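The structure displayed is predicted, hence computed values, not measured ones.
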There are 2 protein chains.
Amino acid sequence: MTPQGPPTAQARPVDADEPWMRGLHADTGYLLYRLGLRSGQLFNAALQESGLRLRHYALLRYLATVEGAPQRELSVRLGYDPSAIVGLVDDLERLRLVERRPAPADRRRRIVVLAEAGRAYLRDTDEASHRVTDELTGPLTAEERDTLHALLLRVAEQRDEG
Amino acid sequence: MTPQGPPTAQARPVDADEPWMRGLHADTGYLLYRLGLRSGQLFNAALQESGLRLRHYALLRYLATVEGAPQRELSVRLGYDPSAIVGLVDDLERLRLVERRPAPADRRRRIVVLAEAGRAYLRDTDEASHRVTDELTGPLTAEERDTLHALLLRVAEQRDEG
DNA sequence: GAACAACCATTGACGTCAACAACGATTGGT
DNA sequence: ACCAATCGTTGTTGACGTCAATGGTTGTTC
């Protein structure tokens, strides 16, 4: 398909009708990738003052929905490697936001439980979380934000099994 | 704000009415973050066979829209650090997909130009790129994909200055 | 009930990546 | 002719994902 031009690079004008020429933001996938990066940066910046990062926040958030989970479950549900969970729980336990408990039936497992301070932390950072989302979806109306959220949720639940 | 309960962690049931209890995927920002990660993984997996990664692909994609750009411009437009651009252009130049040229007016600048092989590469990987987006937006209808893309575009252009 | 495979949390190593400081070469302004 | 700013480049640091390996524990199978 390459024309008879020389094999070396040429700064000739591009053909804007070609399908591979639709610009950077033509792919929804790439768009999601870039916005995900920006969203993570904003989140981490907002959480920076408390010394935690987005990963810790996600873990706390999940713990608030299940009241206690072994680290293996955290690894599967959050999509982080088991070795990563260790460090995250270490950090959170050091801050008394979380507590490791022995599992009654299986002495291999260690149940991670949200501590009272962890609940308070979630309460306090909820506002910051809202700020990030607002800043991110700034150019959208309230209805558009809802539809965007609903669509993203459908896409996210594709593999997350609810 | 903490109730009179003991200061240690308690596995008591959570109050589902509290605003900080809306589950993991309640925030659009966090949702974007997670989907961005997945999208990047899918993209990189699709591009893996060609030895390049998503960053290279984005750079090629941008070069196809501007017919030559100094590395500084690539850094600003793609959002990557100038030092990152160096490595990316190195890789692409090694594969003859891109060419560095001296800028006629400014001997500091080096204009990066898409080579003919780079154009062919974009043509060939366009299909793979479509596959990734299709897999990502699988549970959505065609109309929903369009609206999702439009909404993401609005959000993305917030700071990207078009 | 003894051997064996599977599982859980943990540690360590390796490669990737973003962010930052610093440098040589070059440019433009005064 | 000086001085600040710019461009590409190198190097460093810290966060992060992935994988292999280990100690302790469980369940299974003969």
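The number of heavy atoms from other shown groups lying within 6.0 Å of CZ (B/R100) is above 12.
At whole-Å resolution of the value, CG in A/D90 and C1' in C/dT10 are 9 Å apart. Look at CG on B/D91: it is 10 Å from P on C/dC17, rounded to the nearest Å. At whole-Å resolution of the value, CG in A/L74 and P in C/dT10 are 11 Å apart. With rounding to whole Å, A/I85 atom CD1 is found 18 Å from C/dG12 atom P.
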For A/D134 and A/R131, what are the C-alpha separation, side-chain angles and deciding distance, and is it a salt bridge (Lys or Arg N to Asp or Glu O under 4.0 Å)?
CA-CA 5 Å; A/D134 284 351; A/R131 264 203 310 270; over 6 Å; no
Audit row: A/T147, B/T147, side-chain contact (heavy atoms from CB on, under 4.5 Å) steps and yes/no:
CA-CA 9 Å; A/T147 57; B/T147 58; over 6 Å; no
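Because its NZ or CZ atom is not both nearer than 6.0 Å to the ring centre of A/Y62 and within 45° of the ring axis, A/R77 does not count as a cation-pi partner of that residue.
One finds no side-chain N or O of A/Q71 lying less than 4.0 angstrom from the OP1 or OP2 phosphate oxygen of C/dC8. Listed pair A/R72 / C/dC8 meets the phosphate criterion, a side-chain N or O lying under 4.0 Å from OP1 or OP2.
Where A/Y80 and B/S83 meet DNA chain D, the nucleotide closest to each residue was compared, and B/S83 sits on the side nearer the 5' end. Toward the 5' end of DNA chain D, the nearer of the two residues A/N44 and B/V89, judged by each one's closest nucleotide, is B/V89.
Considering only heavy atoms from C-beta on, A/R72 comes within 4.5 Å of A/V76 through its side chain. Side chains of B/L148 and B/R145 form no contact here, defined as non-hydrogen atoms less than 4.5 Å apart. Under the 4.5 Å side-chain criterion, counting only non-hydrogen atoms from C-beta, B/L32 is in contact with A/L32. Using a 4.5 Å cut-off on side-chain heavy atoms (C-beta onward), B/L35 and A/V155 make contact. Two residues are said to be in side-chain contact when any heavy atoms from C-beta on lie closer than 4.5 Å; B/L92 and B/L52 meet this criterion.
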What string of B, S and - do you get for nucleotides 22-29 of chain C, 5' to 3', if B is base contact, S is sugar-phosphate-only contact and - is no contact with any protein heavy atom under 4.0 Å?
---BBS--
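With a heavy-atom cut-off of 4.0 Å to chain B, the contacted part of DNA chain D has its first and last nucleotide at D/dA5 to D/dG11.
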